[in-house]
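Here's the structure we're looking at; comments come further down.
Just the heavy atoms: all of them, side chains too, but no hydrogens, waters or symmetry mates, feed the values below. In what follows, chains carry the letters A, B, and so on, assigned in the order in which the sequence lines appear, proteins first and then strands, with residues in each chain numbered from 1. Predicted model, so just to flag it, every value in this text is computed and none were measured.
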Protein chains: 2
Amino acid sequence: MPKLADHDERRAQIVAALLRIAASRGLHAASMRTVAAEAGVSVSTVQYYFHTKEQLLLAGLEHQAEGVGRRAAAGMPNDAAGTRDTVHAWLVQFIPVDEEQRAAYTVFAAYHALALTDPALAGLSYTHGSHQLEGVLRDLLTGAQRAGEVAPDREVAAEAGNLLALATGLADSVMANMRPPDAAISLLGYQIDRLFIVASPSRPVAGRP
Amino acid sequence: MPKLADHDERRAQIVAALLRIAASRGLHAASMRTVAAEAGVSVSTVQYYFHTKEQLLLAGLEHQAEGVGRRAAAGMPNDAAGTRDTVHAWLVQFIPVDEEQRAAYTVFAAYHALALTDPALAGLSYTHGSHQLEGVLRDLLTGAQRAGEVAPDREVAAEAGNLLALATGLADSVMANMRPPDAAISLLGYQIDRLFIVASPSRPVAGRP
DNA sequence: GCTTTGCTAGTACGAACGTATTGTACACTC
DNA sequence: GAGTGTACAATACGTTCGTACTAGCAAAGC
């Protein structure tokens, strides 16, 4: 009966337009009209696929969270490079170095701020993705500890949580123009070197590497 | 000639209303009308003291930044308690444990997100406060290293930057309902124990302390 | 071939937004 | 005591918001 329209594709197209606006002009600039214009459709079409604006925003957050989850699983580059470098490379993913990562951070920050006051967003468990991330890192560190790369008196659960929180905080500082991305990466490397026994005891940091 | 009105007081009153709304209902809910109603004045009064909404928002951010700066300077509780505990207590300030700190974090997060896309906010150097914070912490660690409480091969600049970023990231995780505040405080303590030589090598962490 | 149904566009409505304009009451100088 | 300028209030204007409503168009079932 229909005129054959791929619902998933249309929804993805509209959500992409929403996130594009949120990243460039801010989430507050993403109205039904601006999203429709960005997606190249009419306002009615947006209304048709997402009944209300709230549902559109929720779909945008879901899409963003899915991206994080995908990064968590597939973000393991090459285990052959040694655990220390694997951990470093994995955590560097969270430092916004290019425009794409900056855009992703911007969108997430907007949703994060909105969730603090909006009851509809607050109820959503976007914590799940972060716990998943921490689990991946913890498993990685557990393996490293068993292999003797991490001192046995280290508590891997605490180290994993702190490393992820450190990466988050460093990402914040980069986005706040507090330090350039490479400085954040150096600081991350410093901390990981402290954790891994095999690290050279002192390598230059804090300035340009 | 005037009817005697303390401009600074009136401005402070209105800014307080703005921040109260931003913390409870979100910065997007802070319109000229809602702020005026919250402050108990008319819209014209808000217009009178802050010509445009942009200037009102900027004043709100300034007030918030001043609070951080005040915290940085006066936040040194008791040096007699030992450097390790001083550092810990100072950093715990950034973990939102009570409603007041949660409110402050909420407002800051909203401004942070807004600054990422709004050119008027982005130009403002609210980085200055963070650099000040890092300087305070660095001085503290330098003293501790000279006193032999921190191993001489530690780079205090990197440690200070990482500790502050860690506290920020942990605060993020608490506000995202990823972990309770006391878990974040425990993680912070774990990291500081790793930095200070005098720390007992293993104390329980990650669960309730 | 007509009807039914999925999809898209156009438009209207009430509310809220930021801001400009106008008016008024009071404290001060002269 | 008249005049001046500050401090505030009331109101109006034009825009944009989310959403509801209506119509038209193409494909599928009979």
Using the salt bridge (charged side-chain N to carboxylate O under 4.0 Å, His left out) criterion, which residues pair with A:R20? Sequence neighbours excluded. A:E38
B:Y105 meets the side chain to side chain donor-acceptor pair (under 3.5 Å) criterion, sequence neighbours left out, with A:H112, B:D172
Would you say C:dA9 has OP1 or OP2 under 4.0 Å from some side-chain N or O of A:T45? yes
Within the structure, does a side-chain N or O atom of A:Y49 lie under 4.0 Å from either OP1 or OP2 of C:dT8? yes
Under 4.0 Å between a side-chain N or O of A:Y48 and OP1 or OP2 of C:dT8? no
Name every residue in residues 12-23 of chain A that has at least one heavy atom under 4.0 Å from any atom of DNA chain D, in order of residue number, or write none if there are no such residues. none
For B:T45, check side chain to side chain donor-acceptor pair (under 3.5 Å) against everything at least two apart and list the hits. B:S42
Contact list for residues 54-64 of chain A, test side chain to side chain donor-acceptor pair (under 3.5 Å), sequence neighbours left out: none
Listed partners of B:S24 passing side chain to side chain donor-acceptor pair (under 3.5 Å), at least two apart: none
Ignoring backbone atoms, test whether A:H7 places a side-chain nitrogen or oxygen under 4.0 Å from the OP1 or OP2 oxygen of C:dG6. no
So that I can tick it off, tell me whether B:D193 and B:R84 are bridged by a salt bridge, with the cut-off set at under 4.0 angstrom between side-chain N and carboxylate O. yes
Once base and sugar-phosphate atoms are separated, protein heavy atoms under 4.0 Å mark nucleotides 14-20 of chain C, 5' to 3', with B, S and - as ---BBBB
Quiz: residues 131-139 of chain A side-chain donor-acceptor pairs under 3.5 angstrom, not counting sequence neighbours:
from, atom 1, to, atom 2, distance (Å)
A:H131, NE2, B:M178, O, 3.1
A:E134, OE1, B:R179, NH2, 3.0
A:E134, OE2, B:R179, NH2, 3.4

For A:S31, which residues count as a side chain to side chain donor-acceptor pair (under 3.5 Å) partner, sequence neighbours excluded? A:T34
Rounded distance (Å) that lies between atom P of D:dG18 and atom CG of A:L58: 15 Å
